[in-house]
Amino acid sequence: MRWTQTLIPTLKETPAEAEIISHQLLLRAGVVRKLTGGLYSFLPLGLRSLRKVEKIIREEMDRAGALEVQMPALQPPEIWQQTGRYETAADVLYKVRDRAKKEWVLGPTHEEVITSLVAGEINSYRQLPKNFYQVGVKFRDEIRPRFGLMRAKEFIMKDAYSFDTTDEGAMASYRRMYDAYTRIFTRCGLKTFAVEADTGVIGGNYSHEFMVPAETGENDVAYVESGNYAANIEKASSRGPLTPVGRSSTGGAPEKFATPGVVTIEALAAAPYGVPADRQIKTLVYLVNGKLTLCLVRGDDQANEAKLAGCFGTTVFRAATPEEIVGTLGARPGSLGAVQMPATAAGIQVIADEALRGAAGMTTGANEDGFHLRHVDIERDIRVTRWADLRTVKVGELSVSTGEPIQIRRAIEVGHVFKLGTKYSEKLNAMFLTEDGQRHPAVMGCYGIGVTRTLQAVIEQSHDKDGIRWPMSVAPYQVLITPLGAAGSETMKAAEALYAELTRRGIEVLLDDRDDRPGVKFKDADLIGIPLRVGIGEKSLAKGELEVKPRGGALEPVPVARAADRVAEIVAQEMTRLNG
RNA sequence: CGGAGCGUAGCUCAGCCUGGUAGAGCACUUGGUUUGGGACCAAGACGUCGCAGGUUCAAAUCCUGUCGCUCCGACCA
């Protein structure tokens, strides 16, 4: 391709709307353009890279035995009602109406559709296992789209769904996808690591997210130095707080004391009260299925909402409003506690964090504004209906499995593998007959890769101060030829000859045939990040040489006659390296 | 949804406080000079100042509403 024939609208200045480097480079390098918030058009360069990521994904999915299909983006709401996700996923569902006023949803994912499909077409164990995948557009009504392609209203996703006859079979399918994902991201030139992920209301321990370490990521990941433990912060657990809970009990009964205006852990920890945060019980109130539920964590701990969801068995819950709380507990947030509860709170569930087990000599709210209770012994004074891990782990705590101190870093989630079980197959009747004639729901798994997000993650991980540094495997073009000279010059003639020869060999070449100054061409070359550049200037050409230069690497003079061979060699080496 | 900020040329922004003929740099067009890391000179084209209402002799500027964008938080199958 000739530069003057395509469209590569590079920007010298950084658009004000882009905050993170990958987003800035997407715009500056002419990869994408924004239509409006969360919606982007891919320009010629961007589309080429996107197609390459998709191609790698298809090759590895096919290699893993998955079957490509294509399912509708527009879906009937009925199947969403059947799985219950019409309500639980309501926040992200785009809904539209047709001329007859019938409602439709724009698919944010395709579990319902694929399971309906399988329910109709697969009846026997002889037809299983199967794994179906597609690459297509998803729609999500994100509360806050941001960071360009990272969190968009419309994005491209590869989603796969496996159907097995047994749990063991489902595990094998899961493992195959896990391995395929590892290969996919490696081939894209991305350094990723897999972390244990929250399984939400479905439960179980089989969910991993593939993460790209990046300060701009939206996920916190807990990990240990050896690499033998890594988990999303939503899932991560530890051996407990670094300062274990004490039993500094006086043995006395809970004692009420006045704390006028004190409604925070910090205020109670400060003078004149001086109650350390780890000697306080934090009382949180949630509205779950229409009922108030108390959650107790240590004063210095943070409740983890993903763990709460698992505990509640639903993701549909919210913090109770002060009005709801006062009506039941008789006090406002900041003065709440589970020791003495009014009659209006009879039967209320009290879920306490494991870190509070055995705690005595604690201080908590008295359910009376302006008062707290001290000398509280949680096992003696509080009727705990359930103990559970509710807290968010902190840096330095010891890993349950390896005993190493936990560290926390930010990361971008680019892929997710999940063992679903039979939740969807049961609800949508995806049943098969076993060898001995019994009806069983298929055991499912689902596997997603954010394709457009992956593309941006590559840039986030692979760039320098001058621009993008595309890995050879996903670069829009493998080689950029930069002749320094106008049309008709000797340098341009040499460039044309090399362009023809490389193209003949099947190498993807971009020829910068613009009549521009060298500085402009070099700056743009660095910005758009083609991994290998061939410079052709009068001085070197007079010596019978061209200049071969990897992006970000050293310049190598090569005789004109050997140039095509040398370029082909480097391209092949790099592709082989990435493809493992 | 709560908090903050911003909407002026394709891009980056000034002008607004203190109302009075809409600006700069980059990009674009033409001509010339240049040509190894975002050139220079000259001429030119490009604007419903986000939108709507109000105040005023007069509104980019003041007031009200509204839409959009960005950031923080909440939220995130």
Side-chain angles (χ1 to χ4, degrees), chain A residues 7 9-20 23-24 27-28 30 33-39 75 80 83-94 105-112 138-148 150-153 157 159 197-202 207 216 218-220 232 234 305-306 308-309 314-319 321 413 416 418 420 423-424 446 448 450 465-467 482-487 489 491-492 512 514-528 533 535-542 545-547 549 555 557:
Chain A
L7 179 68
T10 56
L11 302 173
K12 193 185 292 188
E13 294 180 277
T14 303
E17 71 194 49
E19 189 74 10
I20 68 174
H23 187 193
Q24 293 171 356
L27 296 169
R28 288 192 56 213
R33 279 296 180 268
K34 183 176 74 171
L35 173 61
T36 183
L39 297 172
Q75 305 174 8
W80 287 82
T83 59
R85 292 210 294 183
Y86 189 78
E87 281 78 31
T88 57
D91 288 351
V92 298
L93 275 184
Y94 275 110
V105 305
L106 288 172
T109 176
H110 281 73
E111 279 84 2
E112 280 78 4
K138 306 292 183 207
F139 299 88
R140 295 189 190 185
D141 189 0
E142 293 287 351
I143 296 172
R144 179 144 92 91
R146 58 178 135 182
F147 301 150
M150 284 298 182
R151 184 170 287 277
K153 293 176 173 170
M157 183 176 188
D159 47 326
D198 176 45
T199 49
V201 297
I202 292 174
S207 178
T216 54
E218 296 187 276
N219 297 86
D220 280 312
N232 192 308
E234 295 181 340
E305 300 230 334
L308 289 178
T314 176
T315 55
V316 185
F317 66 91
R318 60 168 173 79
T321 64
E413 178 193 349
H416 195 169
F418 201 124
L420 281 176
K423 174 182 170 169
Y424 293 95
C446 67
K465 66 176 173 47
D466 296 314
T482 312
L484 307 179
S489 64
T491 52
M492 193 61 84
D512 190 349
R514 294 176 298 173
D515 184 11
D516 252 313
R517 299 168 63 82
V520 173
K521 293 190 173 193
F522 291 143
K523 287 292 185 187
D524 271 348
D526 289 343
L527 183 56
I528 70 171
R533 185 169 68 73
I536 305 178
E538 278 182 27
K539 289 175 200 161
S540 53
L541 195 58
E545 287 176 343
L546 308 183
E547 294 159 349
K549 184 176 178 301
L555 192 150

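Quick note on labels: first sequence line is chain A, next is B, and so on, each numbered from 1.
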> When A:T482 is tested against each of A:K549, A:E547, A:R514, A:R533 for side-chain contact (heavy atoms from CB on, under 4.5 Å), which residue passes?
Replying inline: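 The option that passes is A:R533.
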
Side-chain-base donor-acceptor pair under 3.5 Å for [X] and [N]:
X      : N     : value
A:R28  : B:G38 : yes
A:D516 : B:G38 : no
A:E13  : B:G10 : no

Distance between the [atom1] atoms of [N] and [M], in whole angstroms?
N     : M     : atom1 : value
B:A58 : B:C13 : P     : 34 Å
B:A4  : B:A39 : C1'   : 42 Å
B:G15 : B:G32 : P     : 40 Å
B:C62 : B:G20 : P     : 11 Å

>> Once you apply a heavy-atom cut-off of 4.0 Å, does A:R533 come out as touching a base, just sugar-phosphate, or nothing?
In response: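 Contact class for A:R533: base.
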
> Base, sugar-phosphate, or nothing: which does A:E547 touch, judged by heavy atoms less than 4.0 Å apart?
Replying inline: base

Partner nucleotide, any strand, of [N] [Watson-Crick/G-U, under 3.5 Å]:
N     : answer
B:A24 : B:U12
B:U70 : B:A4
B:G37 : none
B:C75 : none
B:G53 : B:C63
B:G47 : none

> When you check the gap from the basic side-chain N to the acidic O, do A:R146 and A:E218 get nearer than 4.0 Å?
Replying inline: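 A salt bridge links A:R146 with A:E218.
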
Polar atom pairs (N or O), protein with nucleotides 67-74 of chain B, under 3.5 Å:
residue: B:C69; atom: OP1; partner: A:T36; partner atom: OG1; Å: 3.0
residue: B:C69; atom: OP1; partner: A:G37; partner atom: N; Å: 3.1
residue: B:C69; atom: O3'; partner: A:K34; partner atom: NZ; Å: 3.3
residue: B:C72; atom: OP2; partner: A:R144; partner atom: NH1; Å: 3.4
residue: B:C72; atom: OP2; partner: A:R144; partner atom: NH2; Å: 2.8
residue: B:C72; atom: OP2; partner: A:R146; partner atom: NH1; Å: 3.4

